[in-house]
*Asks:* 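My structure is below; once you've seen it, I'll send some questions.
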Amino acid sequence: MVVSLAWTLRQHFQGFPKPSDFQLKKETLPEPEDGEVLLEAVFLSVDPYMRPYSRNMMKEGDVMIGEQVAKVIKSRHPSFPVGCHVTSKCGWRSHWVCAGAELIPVLPDWPQDVSLSLALGAIGMPGLTALYGLEEVCGIKEGETLLVNAAAGAVGSIVGQIGKIKGCTVVGCAGTDAKLAYLKELGFDRAFNYKTVTSLEDALKEAAPNGYDCYFENVGGHFSSAVMPQMREFGRIAVCGSISMYNDTTPQTGPYVHSHMVFKQLKMEGFLCGRWKHKNQESLRRLMSWLTEGKLKSCEHVTSGFDNMPAAFIGMLKGDNIGKAVVKV
């Protein structure tokens, strides 16, 4: 028998998450049956979506949701031999027994010099989110101007780089000078610190005087309201997240966007990357090719130790990370 550690939601978050909202428990796992494997976590992901999803999808006492890269340490499934690595949505657990149908193998030709943690980042869900938001939702074209907020995060940093690969002018914003320096390293054409500018509206206009063709939305709130007047006619907006609103105890209200939507004939669409999962293998290979060719870079904020899962999650929501936040077991 294997004893697994698991972080559970002790109580639903009220405002910003606190360490006391989590509880570490032990689970005794059964032996794998036919078609099952025993996993051992190697890297675990902490992501913004976990905050709103915890309210909508979880009960108090449930194991925190999330994805991990895991190693198969026992197997009764022919497609997943002992020693192989997979991604699994088994949550904040150190070990787990699950059916092979619930697993996704990492790319079989994964380069030895590329960390497997990137299967949770640039070569995983965040990379796919960036790619599908730009290609499938925005239909981005060469020569267009792209705006992305939370641009130094796991998704935003990939959005900006794909925009450059596709021949676009890319404007990004972030909340620290260190993050702005990182955006310049990635090749963003212009970037600004939304926390220090005198006027968000003026900063957006200065960065792109002729307006924006595409806007990749990660933040929501006032930022979104400020962008709408500066969208170009027939502009497209991919709504990926609204992190500025996740921890509000009182729902935000703001200017209504309908007049801009109508007179500029804008398209605004929310999306989840699972809509295009039938394209994932080809898309992951494209992302990996860009990475190995040096066209795509990936920065990670790595926290060591399974015991530090809550701290890593809280720090990510506070914006401590540049790039993808992961926990190394």
Side-chain angles (χ1 to χ4, degrees), residues 35-37 39 43-45 47-50 52-53 56-57 65-70 72 75 77-81 84-91 96 98-111 114 116-142 144 146 148 153-163 165-168 214-218 236-241 267-293 295-296 298 324 326:
E36 293 183 333
V37 300
L39 302 178
F43 294 99
L44 295 103
S45 183
D47 299 283
Y49 77 83
M50 296 172 179
Y53 275 45
N56 298 330
M57 298 179 59
I65 56 175
E67 189 175 14
Q68 61 175 251
V69 173
V72 175
S75 177
H77 193 296
S79 298
F80 297 100
C84 75
H85 289 88
V86 299
T87 60
S88 167
K89 295 180 179 179
C90 62
W96 191 236
C98 63
E102 301 172 20
L103 306 176
I104 300 174
V106 300
L107 293 175
D109 51 354
W110 191 279
V114 175
L116 286 170
S117 57
L118 266 64
L120 302 174
I123 318 299
M125 181 273 288
L128 294 171
T129 299
L131 186 66
Y132 295 146
L134 289 178
E135 291 188 344
E136 303 294 338
V137 179
C138 286
I140 199 163
K141 304 178 184 67
E142 183 177 359
E144 293 189 317
L146 166 67
V148 55
V155 174
S157 61
I158 305 300
V159 169
Q161 292 181 84
I162 294 175
I165 289 170
K166 291 183 172 292
C168 297
C214 293
Y215 169 36
F216 197 104
E217 168 69 286
N218 292 308
R236 290 92 68 204
I237 302 165
V239 183
C240 174
K267 170 189 169 184
M268 185 174 186
E269 182 177 345
F271 74 99
L272 299 172
C273 72
R275 191 194 314 180
W276 300 280
K277 62 183 179 180
H278 59 285
K279 295 187 174 186
N280 281 2
Q281 286 302 301
E282 182 271 335
S283 297
L284 290 172
R285 291 189 181 281
R286 271 203 292 157
L287 291 165
M288 181 64 84
S289 293
W290 287 334
L291 184 81
T292 56
E293 292 167 9
K295 297 178 181 178
L296 188 67
S298 179
K324 180 71 184 79
V326 295

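Note that these values count all heavy atoms, side chains included, but never hydrogens, waters or copies made by symmetry.
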*Asks:* To the nearest 0.5 angstrom, please state how far the CD1 atom of Ile158 sits from the CG atom of Leu291.
*Replies:* 8.5 Å
*Asks:* When rounded to the nearest 0.5 angstrom, what is the spacing between CD1 in Ile104 and OG1 in Thr87?
*Replies:* 4.5 Å
*Asks:* At their closest point, which heavy atom of Ala119 faces which heavy atom of Trp110, and how far apart are they?
*Replies:* N-CH2, 3.5 Å
*Asks:* Salt bridge or not between Glu144 and Lys166? Use side-chain N to carboxylate O under 4.0 Å.
*Replies:* no
*Asks:* Any chance NZ of Lys141 has more than 12 other-residue heavy atoms, nucleotides or ligands included, within less than 6.0 Å?
*Replies:* yes
*Asks:* Which value, rounded to the nearest 0.5 Å, describes the distance between Cys240 atom SG and Leu134 atom CG?
*Replies:* 10.0 Å
*Asks:* How close do Phe80 and Ser75 get, counting heavy atoms only, and between which atoms?
*Replies:* O-OG, 2.6 Å
*Asks:* List for me each residue that meets side-chain hydrogen bond (donor to acceptor under 3.5 Å, both in side chains) alongside Lys89, sequence neighbours excluded, and say none if there are none.
*Replies:* none
*Asks:* Do you know which two heavy atoms are closest between Leu44 and Gln68, and how far apart they sit?
*Replies:* CD2-NE2, 3.6 Å
*Asks:* When you measure from the side chain of Ser283 to the backbone N and O of Leu128, does any donor-acceptor pair fall under 3.5 Å?
*Replies:* no
*Asks:* Taking NZ, NE, NH1 and NH2 as the nitrogens, is one of them in Glu136 or Lys279 under 4.0 Å from a carboxylate oxygen of the other?
*Replies:* yes
*Asks:* Can you spot which of Pro78, Cys84, Ser79 makes a side-chain contact (heavy atoms from CB on, under 4.5 Å) with Pro81?
*Replies:* Cys84
*Asks:* Can you name the residues that form a side-chain contact (heavy atoms from CB on, under 4.5 Å) with Val137, not counting sequence neighbours?
*Replies:* Ala238, Glu269, Phe271, Trp276
*Asks:* Could you go through the side chain to side chain contact (heavy atoms under 4.5 Å, CB included) check for Leu39 and Val72 one step at a time?
*Replies:* CA-CA 5 Å; Leu39 302 178; Val72 175; 3.8 Å; yes
*Asks:* Mind checking what makes side-chain contact (heavy atoms from CB on, under 4.5 Å) contact with Thr292, not counting sequence neighbours?
*Replies:* Pro111, Met288
*Asks:* Flag yes if more than 12 heavy atoms outside Glu142 fall under 6.0 Å of its CD atom; otherwise flag no.
*Replies:* no
*Asks:* Can you name the closest pair of heavy atoms from Met125 and Tyr49 and give their distance?
*Replies:* CE-CE2, 3.9 Å
*Asks:* Could you measure the distance from the CG atom of Leu118 to the CG atom of Leu107? Nearest 0.5 Å is fine.
*Replies:* 11.5 Å
*Asks:* Work out which heavy atom in Leu120 is nearest to a heavy atom in Pro126; give both atom names and the distance.
*Replies:* O-CD, 3.2 Å
*Asks:* Within the structure provided, determine whether Arg285 and Asp109 are in side-chain contact (heavy-atom separation under 4.5 Å).
*Replies:* yes
*Asks:* Report yes or no: do Ser157 and Lys324 form a side-chain donor-acceptor pair below 3.5 Å?
*Replies:* no
*Asks:* My understanding is that only residues two or more places apart in sequence, or in another chain, count here; which of them pass ring pair (Phe, Tyr, Trp, His ring centres under 6.0 Å) with His85?
*Replies:* none
*Asks:* Just how far is it from atom OH of Tyr132 to atom CD1 of Ile162, taken to the nearest 0.5 Å?
*Replies:* 10.5 Å
*Asks:* List the atom of Glu217, the atom of Ile237, and the distance in Å for their closest heavy-atom pair.
*Replies:* CB-CG2, 4.5 Å
*Asks:* Could you list the residues that satisfy side-chain hydrogen bond (donor to acceptor under 3.5 Å, both in side chains) with Thr129, not counting sequence neighbours?
*Replies:* none
*Asks:* Can you list everything that forms a side-chain contact (heavy atoms from CB on, under 4.5 Å) with Glu282? Sequence neighbours excluded, please.
*Replies:* Arg286
